Protein chains: 2
Amino acid sequence: MSVPAPQILLVEDEPQMRRFLRVALEGGGYRYLEAASGQEGLTLAVQHRPDVILLDLGLPDMDGLDLMTRLREWSRTPVIVISARGRETDKIGALDVGADDYLTKPFGTGELLARIRVALRHADPGTAEDPLFTLGRWRVDLARRQVLVGGQEVHLTPLEYRLFTTLIRHAGKVVTQRQLLKEVWGGVAGAQPLYLRVYMAQLRHKLEEDPSRPRYLQTEPGVGYRLRTEE
Amino acid sequence: MSVPAPQILLVEDEPQMRRFLRVALEGGGYRYLEAASGQEGLTLAVQHRPDVILLDLGLPDMDGLDLMTRLREWSRTPVIVISARGRETDKIGALDVGADDYLTKPFGTGELLARIRVALRHADPGTAEDPLFTLGRWRVDLARRQVLVGGQEVHLTPLEYRLFTTLIRHAGKVVTQRQLLKEVWGGVAGAQPLYLRVYMAQLRHKLEEDPSRPRYLQTEPGVGYRLRTEE
DNA sequence: TGGATTCCTAACGCATTCTTAACGCCGTTC
DNA sequence: GAACGGCGTTAAGAATGCGTTAGGAATCCA
């Protein structure tokens with residue numbers, strides 16, 4: 001399952017710098033967006049909600065700090081300032097109105113990309129939802145280690161849970177007994193096919209509507225088991 | 001009602017640099033803590049849980065990147081690297097193992113303080129959000145380190161509080177015993193699952209209505225513990 | 001330095017979970 | 001149609017893990 005690449009907005013008036021950074025950013029695997037003025041920068045920030053903003057302070061139409069202030073009124077998107085001004089008061093001013101980092105030109109693209117990774121790391125937590133596996137009335141939250149049947153939580157023992165999630169990982173496909181024993185019991189000697197029968201029965205009792213006629217937890221006689229995914 | 005000043009841990013072997021930064025940090029209104037070696041730094045980080053860590057990479061007893069890696073196993077405390085090494089590869093390496101910022105010596109104290117403010121801003125995820133965690137009759141003010149049960153304040157020892165807030169940070173999810181031991185005891189060797197049983201029992205006695213039938217502080221046998229969030 | 005708090009550790013009883021065995025059912029084979 | 005193999009079911013003992021208590025060690029603070 002592929003997540004779209006993070007999008008970077010560059011606000012910079014010098015065409016030469018834009019070309020340079022465009023190559024660096026696209027080479028780094030990011031989606032790239034550019035604005036040549038502060039006004040355009042704000043507009044694009046609203047429209048595209050980039051994941052990181054690179055901001056040159058020396059813009060023709062408005063002061064960079066003003067732009068920061070106006071941006072921070074509604075957005076907490078990480079901003080990395082890139083500037084030719086290396087004076088300490090410039091840095092302090094930018095950081096204190098809400099910038100997250102400050103790079104003085106000239107800088108290496110490697111460092112810039114590393115600092116972008118830091119910014120993305122900061123923005124990330126809480127953005128991602130838990131991946132859910134759903135099937136019929138079942139809802140499995142692998143991150144929470146939680147199994148719901150029709151909204152009702154069902155408690156699974158460690159072995160039951162491992163057996164179940166192993167089948168989920170190979171959903172739709174037949175998993176051989178040998179493979180299940182290896183993945184669930186960890187290749188410990190003495191693991192017998194009998195275990196599978198016992199625990200599959202327990203899973204069916206806890207999860208299936210009619211355990212004697214399993215709808216999803218199906219047996220492939222002589223081979224193994226399979227989690228049926230479609231009706 | 002005043003919140004205690006943020007605490008900064010400086011890990012730096014040169015006494016001269018320590019003196020200089022101590023003055024700067026205390027002058028900036030921060031509580032100050034120092035370590036002259038990497039080992040001491042890790043120990044103090046575990047014991048005092050500073051809000052920001054300033055780390056010199058050139059330590060005598062261990063490599064700064066190793067320290068970063070070991071710290072990141074259990075903590076997300078912002079780390080600002082201060083280093084005499086200004087090579088780009090040094091910066092990239094440090095940032096990619098988890099550092100949040102990289103300052104090359106010499107630097108101005110004004111810039112350092114501004115970057116500390118940025119780090120503190122990042123660590124406090126909800127300036128506009130609710131710093132309160134509520135669940136049932138519980139109210140936890142993470143900023144003030146205060147726990148209320150039905151309006152009544154309940155005193156927790158440092159370890160109890162850390163264990164509790166660790167579960168809160170992963171609310172709803174199962175936290176494995178290994179992970180809890182790492183995050184609460186700081187990966188110190190000798191931490192045993194027994195500790196968890198003892199402290200979970202204490203937490204339940206202080207927080208749960210019926211400690212023998214916990215409603216929120218739940219055990220996942222063989223796996224870990226979980227703070228239940230929904231009824 | 002003394003007192004109080006907090007932490008670590010051991011021991012015991014209880015609950016859950018795992019393992020193992022016995023038995024019944026079903027389909028296939030000879 | 002009897003024998004066989006594979007599977008499901010149930011139950012009981014064994015093993016493991018968990019909760020609880022308490023006392024001594026370590027630490028902190030005045």
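Computed from a predicted structure; not experimentally measured.
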Side chain to side chain, B/V147 and B/L207, heavy atoms closer than 4.5 Å: yes
Min side-chain heavy-atom separation B/R18-B/Y32 under 4.5 Å: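 Counting from C-beta outward, B/R18 and B/Y32 do come under 4.5 Å.
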Nearest heavy-atom neighbours spanning A/A99 and B/R121: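 Where A/A99 meets B/R121 most closely, the heavy atoms are O-NH2, 2.8 Å.
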Atom pair distance, as rounded to whole Å: [atom1] in [X] and [atom2] in [N]:
| X | N | atom1 | atom2 | answer |
| --- | --- | --- | --- | --- |
| B/L156 | C/dC7 | CG | P | 10 Å |
| A/F164 | C/dT17 | CZ | P | 17 Å |
| A/Y195 | C/dA21 | OH | C1' | 12 Å |
| A/K206 | D/dT10 | NZ | P | 14 Å |
| B/Q218 | C/dT16 | CD | P | 13 Å |
| B/L163 | C/dT6 | CG | P | 15 Å |

B/H155 side-chain N/O to C/dT6 phosphate OP1/OP2 under 4.0 Å: yes
N/O (side chain, B/W185) to phosphate O (OP1/OP2, C/dC7) under 4.0 Å: no
Minimum-distance nucleotide (side-chain atoms of B/L159 versus C/dT17, C/dT19, C/dC7): C/dC7
Where protein sits on nucleotides 13-30 of chain D, one letter per nucleotide: B base, S sugar-phosphate only, - none, heavy atoms under 4.0 Å: ----SBBBB---------
side-chain contact (heavy atoms from CB on, under 4.5 Å) between A/V79 and A/L71, intermediate numbers included: CA-CA 10 Å; A/V79 173; A/L71 180 75; 3.5 Å; yes
B/Y195 and B/W185 aromatic ring geometry - parallel, tilted or perpendicular at 30°/60° bounds: tilted
Donor-acceptor pair between B/T219 and B/R204 side chains, under 3.5 angstrom: yes
